[in-house]
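Okay, structure first, notes after.
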Amino acid sequence: MDKWTFGLTMMIVAGGGTFVTLWLLGLVIDLLKRIFPLTPEKPGHD
């Protein structure tokens, strides 16, 4: 494998890894939103 093939392979793997990580982070955030739903406070409640 020459250096250009290796570089292209690493670029594709790194880009794919980044998207997979962001997707997993999105799943964790959605799970946390379902576990701890945001309930808005009433305006007159001090």
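Rounding to the nearest 0.5 angstrom, the gap separating the OG1 atom in Thr18 from the CH2 atom in Trp23 is 15.0 Å. Note that CG of Leu22 and CD1 of Ile29 are 9.5 Å apart. Values are rounded to the nearest 0.5 Å.
No donor-acceptor pair closer than 3.5 Å links the side chain of Thr5 to the backbone N or O of Met1.
By the side-chain contact (heavy atoms from CB on, under 4.5 Å) test, Leu24 pairs with Val20, Leu27, sequence neighbours left out.
When the side chains of ILVMFWY residues are joined at heavy-atom separations under 4.5 Å, either directly or via intervening members, Leu25 and Val28 end up in two distinct hydrophobic clusters. When the side chains of ILVMFWY residues are joined at heavy-atom separations under 4.5 Å, either directly or via intervening members, Trp4 and Met10 end up in two distinct hydrophobic clusters. Phe19 and Ile12 are assigned to two separate hydrophobic clusters, defined by single-linkage of ILVMFWY side chains at heavy-atom distances under 4.5 Å.
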